[in-house]
Amino acid sequence: MADTTGIRPEESPWAISVAQIATRPGQSKEIDADFPEPSGIGDEVFDIRKGEPVHVSGSIDSIVDGLLLNATISAPYVGECSRCLKELTGELNVPVTAFFPYAPDEHKRNRHDDEEVEIIAGEEEGGDTYPLAGGNTFMDIEALLRDNLAEAMPLQPLCRPDCRGLCPQCGVDLNEQPDHEHETTDIRWGALEALKQQLESEQQ
């Protein structure tokens, strides 16, 4: 994973240039690009596949007080079923809506007194809020990717909803052998069974 400590906003591998749309409400920019998988999410049970890109597709819309991102995050994952321990592979597809407000000073410089388009982010927009960088010219989505992918990861991943798991006595996969069972003896009858065997041996 690249070390982004102390680098300029435009040098971040998660930075998206938004300078062309951040000056006037009503403008939009399509996004369809790959980004590195963020660090700090997942574990040995379920994680984003290392070394493979995270894809983001959607649009960035300029409104009066900031930028609104509506997109889908797609990321390949690897893990294991929490019941039968089989390997899991696939792709997470996470819809996301996020608001990036303008910094106050830049917002004042970018607004036009004669602006006719009044598009303002209200509570109905929903989603999370993240800061813009580089004087409102870059949208860094590293934190957004990390937050949304971490939230989308299952606490108990399953190979299928009705996974039967493993036999607690011998570890046989009960999905492959649904009729598998062990003969069990009620411990309440254990003493009588031992007495029976003793009496039978004495009669021989």
Heavy-atom side-chain proximity of Phe35 to Pro13 below 4.5 angstrom: no
Chi angles and distances behind the salt bridge (charged side-chain N to carboxylate O under 4.0 Å, His left out) call for Lys50, Glu37: CA-CA 7 Å; Lys50 301 303 181 185; Glu37 37 89 18; 3.8 Å; yes
Candidates Asp140, Val56, Val94, Val96 - the one meeting side chain to side chain contact (heavy atoms under 4.5 Å, CB included) with Leu145: Val56
Distance-only polar pair, side chains of Ser74 and Asn93, donor-acceptor under 3.5 Å: yes
Heavy atoms of other groups near Glu151 CD, more than 12 under 6.0 Å: no
Contact check, side chains of Val45 and Pro157, non-hydrogen atoms, under 4.5 Å: yes
Beyond-backbone contact of Glu142 with Pro36, side-chain heavy atoms, under 4.5 angstrom: no
Tyr130 side chain reached by Asp147 side chain, heavy atoms, under 4.5 Å: yes
Linked, directly or transitively: Leu158 and Val78 (ILVMFWY side chains, under 4.5 Å): no
Donor-acceptor pair, side chain of Arg83 and main chain of Leu166, under 3.5 angstrom: no
Neighbour count >12 (heavy atoms, 6.0 Å) for atom CD, Gln156: no
Arg49 side chain to Pro76 backbone, donor-acceptor under 3.5 Å: no
Main-chain N/O of Ile21 paired with Ser62 side-chain donor or acceptor, under 3.5 Å: yes
Side chain to side chain, Gln169 and His182, heavy atoms closer than 4.5 Å: yes
